[in-house]
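Everything numeric in this text was worked out from a predicted model, so none of it was measured. Side chains are part of it too, since the values below use all heavy atoms of this structure and drop only hydrogens, waters and symmetry mates.
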Amino acid sequence: MTILEPRALRHFVAIAEHKSFRKAADSLRLSQPALSNSIQQLESALAVKLFERGPYGILLTVFGEALYQRSKIILAEVNFAVDELNDLRGAQRGALRIGSGPSILGTLIPKTMMRLMHNHPGLTITVHEGLEEELLKQTREGAIELAVSSTSLSDVNLDFTPMFHMRIVPIVRSKHPILMEQRSSLKDLTKYPWILPHTSLEPERLEHILKGWAIEGPEIISRSNSPSFMKALVEQSNFVSFLPRPLISLEEQAERLVALNIGDAIYHKAMGVITRKHSLLSPAAETFVKYLKSVAKEIGLVDHNADE
C-alpha cells in the first residue's frame, strides 16, 4: 500500500502550479535537486509519470492531473485539521477561511465576523469574495472551508444547507423616468434596457421573469458578473437591473439608486452554507455558522422555513 506524505504532495502541487521546478523550489525554499529527488520518489512509489516537459514549461500527465485535484483537497484537509487542533487547545493562531457572494459581503458577513472575533479574539479569518461558480470551485478544492452563497447546482462533492431567502429586486437610478410616472406596472419596466447578473448556473431565470411581465421582453438585455459595474451602469443611465436589496443599501441611503416595489416584482433566492461533503467543520466554522443564523435573523433576512 502506497502512503502519500503531505510533504511530497506539497512539492508536487507547487511544481504543478508554478510549471517549473526552479520556481517551485524557490517558493518552497528547497534546492532544486532536493525537489527533483522528492518527485522521483513519489513517481516511483506510485509507479506513474506525473510530469512531462511542454513548450511552455512543465505539464501534468493524465496521472498528474488526477493526483493534482485530489492533492489540493488532501492538503486542505490537513490544514483544516491543524487549525481544528489549535482551536481545541486554545491556540492563538487558529484560522478560518470562508467565501461569500457580494450581495451579503457588506452586511451579513461583517456583522457575523465581528461577533465571532469578539468572542474568539485569537482567531484569524480570511474572507474570499466570489460569484456562485467561483465559490463552488474554491469549496470543492478546499481553498475555503465553507461558502455563504446561493446555488442552483447539484454537486455530488458538496452539501448545501439553505438558511434564508435573499430578496432580488428591480433597481433604477433616483432620477429614472419611470419614477415620474404616476402609475407604473411591471410591463412598463420592459420598455427600458436591462442588465442582468451573469451566471452559467441559471442563465435564463431572471430573463424569463422579465418576459413574463409582457408579451415581449426588453429589447436590450446585457449581462455582467460584476455587481459594481451593474450598479454604476444603472446609476448613470436608464438601465434597470435585478440585484439583492442589501447590495444597494449604501446607494439607497445616498439617494443614488432606488429599489422598485411594483406589484410582485420581487424574486426570492435561497441562500445558505456550502461545504464539502463528508468533511467535518472545524469548531470555528461551526461557531461561525451559528452566529450567521442569528445575525441573519437580526437584520431581517427572510427565514428559509418561513412562508414567503
Side-chain angles (χ1 to χ4, degrees), residues 5-7 9-14 16-18 24 26-30 69-151 157-161 163-164 246-247 271-299 301:
E5 297 182 355
R7 181 174 177 273
L9 292 181
R10 287 193 181 94
H11 295 172
F12 164 71
V13 168
E17 294 182 344
H18 286 285
D26 290 343
S27 71
L28 294 167
R29 297 183 180 179
L30 284 176
Q69 298 302 325
R70 294 294 180 182
S71 295
K72 293 180 70 174
I73 295 174
I74 291 170
L75 293 176
E77 287 291 348
V78 171
N79 290 333
F80 290 147
V82 172
D83 292 340
E84 184 172 348
L85 292 176
N86 287 335
D87 191 46
L88 287 171
R89 65 170 177 254
Q92 295 301 304
R93 54 189 182 92
L96 174 63
R97 295 184 292 279
I98 65 171
S100 170
S103 61
I104 54 173
L105 205 56
T107 52
L108 178 60
I109 299 301
K111 291 179 181 293
T112 304
M113 178 174 154
M114 287 187 290
R115 184 166 302 180
L116 180 62
M117 297 188 75
H118 175 75
N119 295 317
H120 302 268
L123 189 64
T124 299
I125 304 175
T126 302
V127 181
H128 297 262
E129 178 183 3
L131 296 180
E132 185 177 335
E133 293 153 289
E134 178 62 22
L135 293 176
L136 292 176
K137 180 176 182 291
Q138 289 184 331
T139 306
R140 190 185 304 113
E141 294 181 351
I144 55 179
E145 189 170 359
L146 62 86
V148 185
S149 177
S150 61
T151 181
N157 298 307
L158 299 174
D159 283 326
F160 175 60
T161 305
M163 291 186 178
F164 53 88
L247 193 56
M271 299 194 70
V273 173
I274 301 170
T275 57
R276 289 194 312 285
K277 197 178 290 290
H278 308 309
S279 178
L280 295 176
L281 290 180
S282 67
E286 289 183 344
T287 304
F288 175 85
V289 172
K290 181 181 72 173
Y291 290 159
L292 184 74
K293 291 179 181 178
S294 62
V295 172
K297 186 175 181 180
E298 290 170 13
I299 66 177
L301 291 175

Check your understanding: Lys137 and Glu132: salt bridge (charged side-chain N to carboxylate O under 4.0 Å, His left out), yes or no, with the steps?
Key -> CA-CA 9 Å; Lys137 180 176 182 291; Glu132 185 177 335; over 6 Å; no
Exercise for review: Before giving the answer on side chain to side chain contact (heavy atoms under 4.5 Å, CB included), spell out for Leu123 and Thr287 the whole-Å C-alpha distance, their side-chain angles and the decisive distance to 0.1 Å.
Suggested key: CA-CA 12 Å; Leu123 189 64; Thr287 304; over 6 Å; no
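Using a 4.5 Å heavy-atom threshold, the side chains of Glu298 and Arg115 count as touching. You'll find the side chain of Gln69 stays beyond 4.5 Å of the side chain of Ile73, heavy atoms only. Side-chain contact between Val295 and Thr107: absent, with no pair of heavy atoms (C-beta onward) separated by less than 4.5 Å. Side-chain contact check for Thr124 versus Leu96: every heavy-atom pair is 4.5 Å or farther apart. Proximity of Val273 to Phe160: side-chain heavy atoms (C-beta onward) are nowhere separated by under 4.5 Å. Side-chain contact between Val148 and Ile274: absent, with no pair of heavy atoms (C-beta onward) separated by less than 4.5 Å. When side chains are defined from C-beta on, Leu146 counts as touching Val289, because their heavy atoms get closer than 4.5 Å. In this structure, the side chains of Leu75 and Pro6 come closer than 4.5 Å at one or more pairs of heavy atoms.
Summarising the geometry of His120 relative to Tyr291, their closest heavy-atom pair is NE2-OH, 4.3 Å, with the distance given to 0.1 Å. In plain terms, the two heavy atoms of Ala14 and Ser27 that are nearest each other are CB-OG, 4.4 Å. Closest approach of Ile144 and Ala147 over heavy atoms only: CD1-CB, 4.0 Å. Considering all non-hydrogen atoms of both residues, Ile109 and Ile98 come closest at CG2-CD1, 4.4 Å. Between Leu28 and His11 the shortest heavy-atom distance is CD1-CD2, 3.6 Å.
Atom NZ of residue Lys277 and atom CG of residue Leu158 lie 8.0 Å apart, to the nearest 0.5 angstrom. Here the straight-line distance linking atom CD1 of Ile104 with atom CD of Glu129 works out to 10.5 Å at 0.5 Å rounding. Taking NZ of Lys290 as the start and CD of Glu286 as the end, the distance is 10.0 Å to the nearest 0.5 Å. To the nearest 0.5 Å, atom CG of residue Leu135 and atom CZ of residue Arg140 are 11.0 Å apart. Note: Leu131 CG to Ser149 OG = 8.5 Å, rounded to the nearest 0.5 Å. Note that CE of Met163 is 9.5 Å distant from CG of Leu108, once rounded to the nearest 0.5 Å.
Between Arg276 and Glu141 there is no salt bridge, since no side-chain nitrogen of the basic residue lies less than 4.0 Å from a carboxylate oxygen of the acidic one.
A 6.0 Å sphere centred on NZ of Lys72 holds more than 12 heavy atoms belonging to other residues, nucleotides or ligands.
The main-chain N or O of Ser282 is found under 3.5 Å from a side-chain atom of Glu145 such that the two form a donor-acceptor pair.
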